[in-house]
**Q** 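Handing you this structure, nothing more for now.
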Amino acid sequence: MNSKFLKPYDPTSSESRIYKLWEESGLFNPDNLVKEGFIEAQAVPYTIIMPPPNVTGILHMGHGLMLTIEDVLIRFARMQGKRTLWIPGTDHAAIATQSRVEKDILKTEKQSRHDLGREEFIKRVESFAKESHDTIASQIRVMGASCDWSREAFTLDDKREIAVRTAFKRMYDQGLIYRGERLVNWDPKGQTTIADDEIVYEEEKTKFYYLKYGPFIIGTTRPETKFGDKYVVMHPLDERYADYKHGDKINLEWINGPIEATVIKDERIDRELGTGVMTITPSHSQVDFDLATTHGLDKEQIIDTKGKLLPIAGEFAGMKIKDAREKIIEKLALKGLVEKIDENYIHNIATAERTGGIVEPQIMTQWFVAVNKPFKIPHSEINGIKGGEETTLKEIMRKPVESGQIKIEPGYFDKTYFHWINNLRDWCISRQIWYGHQIPVWYKGEEVYCGIEGPNDGGWTQDPDTLDTWFSSALWTFSTLGWPEMTEDLEIYHPTDVLETGYEILFFWVARMVLMTGFCLGTIPFKTVYLHGTVRDAKGRKMSKSLGNGIDPIDVAKEFGADAGRMALVVGTSAGTDTNISKDKIKGYKNFSNKLWNMARFVLTYNESFEYSDNKVLGPKWNERIEEWKKEKEALTKELESMRIHNAAERLYHYAWHTFADVIIEDAKKVLLSETTSEEEQGEAKYILYYLFVEILKALHPFMPFVTEEIWQELPHKKDRPFIMVEKW
RNA sequence: GGGCGGUUAGCUCAGUUGGUAGAGCGCGUCAUUGACGUUGACGAUGUCAGAGGUUCGAGUCCUCUACCGCCCACCA
């Protein structure tokens with residue numbers, strides 16, 4: 001027995017050494033597993049593509065949970081003899097990364113991205129991203145993730161660039177990507193458009209003004225947008241306004257003098273709300289824009305992209321929204337046009353998630369993906385959608401989940417998924433930022449060209465916008481496998497088996513992967529979606545910098561070992577529910593690592609050498625124990641196959657400690673320490689200890705890969721496989 | 001405003017198709033120079049949020065109520 005067993009288990013010295021051994025063996029790569037004969041070439045493939053962490057910083061406990069769950073599934077599949085592939089990668093996270101670097105540069109150099117220029121700025125972002133990537137890659141290793149580094153990908157590397165441009169061009173050619181004037185969410189602070197999902201609504205107390213608009217009273221929180229309001233809208237069945245007919249012209253006194261207003265009747269107006277009458281500002285409000293579009297009304301821009309009033313505001317032109325608001329009310333009050341002011345009006349304002357800027361809707365030319373437009377899908381393996389027939393991207397998202405072809409775990413998220421799809425509007429994919437995939441469209445005068453490469457002849461300018469970061473992540477399951485080339489990887493490993501991710505990105509990402517895979521490949525990206533919850537502190541609070549309650553997975557690995565951290569993350573954590581973690585909990589599993597270590601010490605004390613034999617006959621007492629274990633193992637396998645990882649982990653912990661150590665070892669001890677037992681009896685006791693211990697190590701390996709491998713390497717019996725990692729389940 | 005989830009032991013949570021309640025931590029008593037004190041044995045604690053229903057039988061299925069949390073949403 002190696003003398004290291006005489007000391008308590010020290011994870012820090014083992015873990016990095018063991019990871020290195022694994023990595024150098026090349027056995028994270030399924031090609032090598034086949035080459036070296038550990039699995040059959042025809043074996044069932046099992047694939048997970050790692051959700052790429054953003055290169056905006058370092059990994060947190062949420063990533064720790066993600067990596068643990070995926071590694072458990074992967075190691076389990078590998079031990080079951082499947083052709084197991086787990087591809088790691090990182091995400092360029094366009095806006096998040098750009099604004100992070102912008103902030104840094106502003107702080108240290110007092111420069112903006114415009115001061116540096118596009119090229120120089122991109123260089124800075126790239127160097128930041130590189131550094132962040134390296135940190136992340138090493139953290140993933142610390143967690144013990146057995147992913148295939150030879151296939152590592154980045155959402156903004158050369159291969160993925162080709163995939164993105166190919167997908168874009170195909171959609172463009174199908175008419176599913178179009179450029180249009182639409183009302184978009186403009187972030188004046190970030191100077192870019194943002195997606196609906198990137199908005200955070202915040203409650204704000206503001207004033208609600210009732211203004212006299214000719215014979216009507218209109219309510220508003222935003223008098224500064226009212227300069228161009230020359231349409232007054234009401235419900236066609238509202239009896240209070242029956243005297244006014246659609247199209248009537250009314251002359252009235254307004255902010256900067258007399259105007260002519262036109263009456264519009266539309267049933268979308270809520271009669272109960274306010275006075276039941278509204279004026280509209282199509283340029284800066286979605287409802288108003290829709291109304292104006294239906295009735296063919298003028299759309300005048302009132303506020304510019306910096307958040308200042310335009311010349312239409314007359315004397316207020318050039319003022320900021322906040323400053324102008326009070327001044328306008330003062331003027332209206334002087335004219336006697338203010339009926340009433342409600343001082344305590346609570347409403348939600350839209351702010352940009354990344355910058356905190358107050359979103360100002362603007363009419364702009366942007367690129368969109370049409371989700372409701374019918375198109376002919378050439379080939380389809382999606383349940384409920386036939387190749388060669390017409391469908392829509394929305395259908396492509398809905399059908400696989402509806403038909404059960406894609407299973408979402410936990411199941412109740414189906415409802416949320418459908419609810420979201422039903423309310424989905426066209427996806428705005430252009431962003432006015434620099435870091436990301438630049439839109440593969442070039443202009444020369446009136447000519448427009450879309451292609452994988454720019455046109456060869458001179459005089460063309462590429463569209464300056466970049467794509468929403470989710471556009472490239474939506475291709476992730478197949479861009480990582482070599483698409484648009486029809487590679488062997490793509491053939492073998494796609495569709496992938498499991499997408500494991502946090503429930504908060506079900507819409508941003510999961511739904512869009514389904515969309516893109518359906519469009520590009522006519523199939524589904526994955527068979528199962530496993531959604532994990534948020535990792536919280538011991539009191540159930542979100543971990544945050546301001547609270548200082550965060551736990552760093554790397555610190556955990558240093559203090560308790562990655563194995564302990566993994567167990568603590570996984571036990572008691574069912575799909576879709578949040579999990580609380582504390583140092584006490586992690587410490588409990590460090591103790592467990594040590595317990596295993598000491599079991600090894602005891603077992604090896606009595607088994608300096610060991611011969612496995614398949615037909616070893618044991619007495620009934622020990623036989624019962626073996627039967628008991630077999631049942632336990634069956635139950636475990638079932639739990640793992642149904643992805644109830646928490647149950648499997650808990651069962652194993654309980655079996656190893658409270659059955660094997662507390663009962664079986666104690667029983668064996670009685671035999672081994674007694675003077676009166678025969679040699680045969682002693683042999684049986686030794687055998688059962690060794691046999692069951694090895695079984696436990698194997699079963700525990702997916703959960704606690706390091707300590708189990710470390711012990712396995714010291715076992716005396718002749719092993720035909722170099723690592724427990726590639727042992728048979 | 002719309003949708004979804006939760007409410008089980010002091011704490012954190014399991015509980016697969018309905019069959020007399022479980023784990024970990026914590027707590028109490030005791031043990032122990034024997035693989036391990038990062039230990040062992042034994043033990044206590046629950047009207048499973050409340051009300052009603054279906055059933056031979058409900059933590060589990062149905063309805064309602066209360067509280068907590070999350071997501072979505074352009075209320076002028």
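In what follows, every heavy atom counts, from backbone to side chain, and hydrogens, waters and symmetry copies are set aside. Lettering follows sequence order; numbering is per chain, from 1. Here the structure is a predicted model, which means the values were calculated and not measured.
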**Q** Which sits closer to the 5' end of RNA chain B, A:Y412 or A:I269, going by the nucleotide each is nearest to?
**A**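 Nearest-nucleotide comparison on RNA chain B picks A:Y412.
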
**Q** With sugar-phosphate meaning primed atoms plus P, OP1 and OP2, does A:K587 contact a base, only sugar-phosphate, or nothing at under 4.0 Å between heavy atoms?
**A**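 Nothing: the residue A:K587, judged by heavy atoms under 4.0 Å, touches no strand.
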
**Q** Does a nitrogen or oxygen in the side chain of A:K415 sit under 4.0 Å from OP1 or OP2 of B:C70?
**A**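 No, A:K415 has no side-chain N/O under 4.0 Å of OP1/OP2 on B:C70.
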
**Q** Without decimals, in angstroms, what is the distance between A:Y589 OH and B:C25 P?
**A**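 To the nearest whole Å, that distance equals 8 Å.
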
**Q** Got a salt bridge between A:K670 and A:D667, using NZ or NE/NH1/NH2 to carboxylate O under 4.0 Å?
**A**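 Here A:K670 pairs with A:D667 in a salt bridge, since their nearest N and O are under 4.0 Å apart.
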
**Q** Counting side-chain heavy atoms from C-beta on, which of B:U38, B:A76, B:C36 comes nearest to A:P8?
**A**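 Of all the options, the side chain of A:P8 is nearest to B:U38.
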
**Q** Are A:E181 and A:K299 close enough for a salt bridge, meaning some N to O gap below 4.0 Å?
**A**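 Between A:K299 and A:E181 there is no salt bridge, as every charged N stays at least 4.0 Å from the carboxylate O atoms.
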
**Q** How is A:H658 classified with respect to the nucleic acid when contacts are heavy atoms under 4.0 Å: base, sugar-phosphate, or nothing?
**A**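 Sugar-phosphate only.
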
**Q** Using both distances under 3.5 Å as the test, list the Watson-Crick or G-U wobble partner of B:G22, or none.
**A**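 The base-pairing partner of B:G22, which may sit in any strand shown, is B:C13.
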
**Q** Whole angstroms only, please: what is the CG-P distance between A:L531 and B:C70?
**A**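 In whole Å, B:C70 P and A:L531 CG are 18 Å from each other.
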
**Q** Contact class for A:S593 (heavy atom, under 4.0 Å): base, sugar-phosphate, or nothing?
**A**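 The residue A:S593 makes no contact with any strand.
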
**Q** B:G6 C1' sits how many Å from A:N580 CG, rounded?
**A**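 Answer to the nearest Å: 13 Å.
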
**Q** Rounded to the Å, how far apart are A:F418 CZ and B:G2 C1'?
**A**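 Rounded to the whole Å, the gap is 18 Å.
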
**Q** For the P atoms, the ones on B:G19 and on B:C62, what distance do you get once it is rounded to whole angstrom?
**A**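 That atom pair is separated by 15 Å.
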
**Q** Does A:R625 come within less than 4.0 Å of A:E628, counting only side-chain N to carboxylate O?
**A**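 Answer for the salt bridge query: yes.
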
**Q** Taking the same atom, P, in B:U65 and in B:C42, what whole-Å distance lies between them?
**A**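 Per the computed distance, 48 Å lies between those P atoms.
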
**Q** Side chains of A:Y691 and A:N607: donor-acceptor distance under 3.5 Å anywhere?
**A**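 No.
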
**Q** Please name the nucleotide paired to B:C64 by Watson-Crick or G-U wobble geometry with both distances under 3.5 Å, or report none.
**A**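 Paired with B:G50.
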
**Q** Can you check the distance between B:U47 and B:A21, where both ends of the measurement are the P atom (answer in whole Å)?
**A**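 My reading of the P atoms in B:U47 and B:A21 gives 13 Å.
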
**Q** For B:C72 and A:N422 - does any side-chain N or O of the residue sit under 4.0 Å from the phosphate oxygens OP1/OP2?
**A**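 For B:C72, OP1/OP2 do not have a side-chain N/O of A:N422 under 4.0 Å.
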
**Q** For residues A:I328 and A:K226, determine if any side-chain heavy atom of one lies less than 4.5 Å from a side-chain heavy atom of the other.
**A**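 No, too far: nothing below the 4.5 Å cut-off.
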
**Q** Report which part of the nucleic acid A:A350 touches: base, sugar-phosphate, or nothing (heavy-atom distance under 4.0 Å, all strands).
**A**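 If one applies the 4.0 Å heavy-atom cut-off, A:A350 turns out to touch nothing in the nucleic acid.
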
**Q** With C1' as the reference atom in both, quote the distance from B:U60 to B:U45 in angstrom, rounded to an integer.
**A**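 Those two atoms are separated by 23 Å.
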
**Q** RNA chain B: A:W657 or A:T220, which has the more 5' nearest nucleotide?
**A**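 Its nucleotide being nearer the 5' end, the pick is A:W657.
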
**Q** Base, sugar-phosphate alone, or nothing: which one does A:L604 contact when heavy atoms must sit under 4.0 Å apart?
**A**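 Since no nucleic acid heavy atom lies under 4.0 Å of A:L604, the category is nothing.
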
**Q** Think A:S574 has a side-chain N or O under 4.0 angstrom from the OP1 or OP2 of B:A14?
**A**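 For B:A14, OP1 or OP2 has a side-chain N or O of A:S574 closer than 4.0 Å.
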
**Q** Under 4.0 Å, counting only non-hydrogen atoms across every strand here, what does A:D662 touch: a base, just sugar-phosphate, or nothing?
**A**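 Here A:D662 touches the backbone only, sparing every base.
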
**Q** Looking at every strand, decide which applies to A:L506 at a 4.0 Å heavy-atom threshold: base, sugar-phosphate, or nothing.
**A**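 The answer is nothing, as A:L506 stays clear of every strand by at least 4.0 Å.
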
**Q** Give me the distance, rounded to whole Å, that separates B:G26 from B:U12 when you measure between the P atoms they each carry.
**A**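 It comes out at 15 Å once rounded to the nearest Å.
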
**Q** Given B:G24, B:C36, B:U16, identify the nucleotide with an atom nearest to the side chain of A:K595.
**A**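 Among the listed nucleotides, the one closest to the side chain of A:K595 is B:C36.
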
**Q** For the C1' atoms, the ones on B:U33 and on B:C27, what distance do you get once it is rounded to whole angstrom?
**A**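 Each nucleotide's C1' atom is 28 Å from the other's.
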
**Q** Any donor-acceptor pair under 3.5 Å linking the side-chain atoms of A:Y690 with those of A:H717?
**A**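 Side-chain D/A pair, A:H717 to A:Y690: present.
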
**Q** Where do A:Q301 and A:S283 land on the side-chain hydrogen bond (donor to acceptor under 3.5 Å, both in side chains) test, with the steps shown first?
**A** CA-CA 5 Å; A:Q301 190 182 6; A:S283 280; over 6 Å; no

**Q** Can you see whether A:Y606 has A:K686 sitting over its ring - NZ or CZ less than 6.0 Å from the centre and within 45° of the normal?
**A**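 No, a cation-pi geometry is absent between A:K686 and A:Y606.
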
**Q** Taking the six-membered ring where the residue is Trp, are the ring centres of A:W629 and A:F660 under 6.0 Å apart?
**A**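 They do not qualify: ring centres at least 6.0 Å apart.
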
**Q** Side chain of A:F507 only, heavy atoms from C-beta on: which candidate in B:C71, B:A76, B:A35 is closest?
**A**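 Shortest atom-to-atom distance from the side chain points to B:C71.
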
**Q** What is the separation between atom CG on A:L673 and atom P on B:A35, rounded to the nearest whole Å?
**A**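 Rounding to the nearest Å, CG of A:L673 and P of B:A35 are 7 Å apart.
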
**Q** Partner lookup for B:U33, please. Criteria are Watson-Crick or G-U wobble with both distances under 3.5 angstrom; report none if nothing qualifies.
**A**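 Result: none.
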
**Q** Does A:G588 reach a base, just sugar-phosphate, or nothing at all? Heavy atoms under 4.0 Å.
**A**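 If one applies the 4.0 Å heavy-atom cut-off, A:G588 turns out to touch nothing in the nucleic acid.
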
**Q** Does A:F208 reach a base, just sugar-phosphate, or nothing at all? Heavy atoms under 4.0 Å.
**A**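 The residue A:F208 makes sugar-phosphate contact but no base contact.
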
**Q** Take the protein atom CG of A:D584 and the nucleotide atom P of B:G26, then report the distance between them rounded to whole Å.
**A**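 Nearest whole value for this atom pair: 7 Å.
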
**Q** Look at all strands and tell whether A:N647 reaches a base, only sugar-phosphate, or nothing, counting heavy atoms closer than 4.0 Å.
**A**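 If one applies the 4.0 Å heavy-atom cut-off, A:N647 turns out to touch the sugar-phosphate alone, with no base involved.
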
**Q** Which base sits across from B:A44 as a Watson-Crick or G-U pair, both distances under 3.5 Å?
**A**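 Across any shown strand, B:A44 pairs with none.
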
**Q** Looking at every strand, decide which applies to A:E666 at a 4.0 Å heavy-atom threshold: base, sugar-phosphate, or nothing.
**A**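 Base, at least one base heavy atom under 4.0 Å.
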
**Q** What's A:T577 touching, base or sugar-phosphate or nothing? Going by heavy atoms closer than 4.0 Å.
**A**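 It contacts sugar-phosphate atoms only.
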
**Q** Of the listed nucleotides (B:U38, B:A76, B:A35), which one gets closest to any side-chain atom of A:N594?
**A**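 Closest nucleotide among those given: B:U38.
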
**Q** Could you work out the separation of B:A73 and B:G3 based on their P atoms and round it to a whole Å?
**A**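 Each nucleotide's P atom is 15 Å from the other's.
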
**Q** Rounded to the nearest Å, what distance is computed from the NE2 atom of residue A:H646 to the P atom of nucleotide B:U12?
**A**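 Rounded to whole Å, this separation is 18 Å.
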
**Q** Between A:N598 (CG) and B:C36 (C1'), how many Å, whole number?
**A**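 Taking CG of A:N598 and C1' of B:C36, I get 3 Å after rounding.
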
**Q** Looking only at atom C1', what distance separates B:C56 and B:G18, rounded to whole Å?
**A**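 12 Å, rounded to whole Å.
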
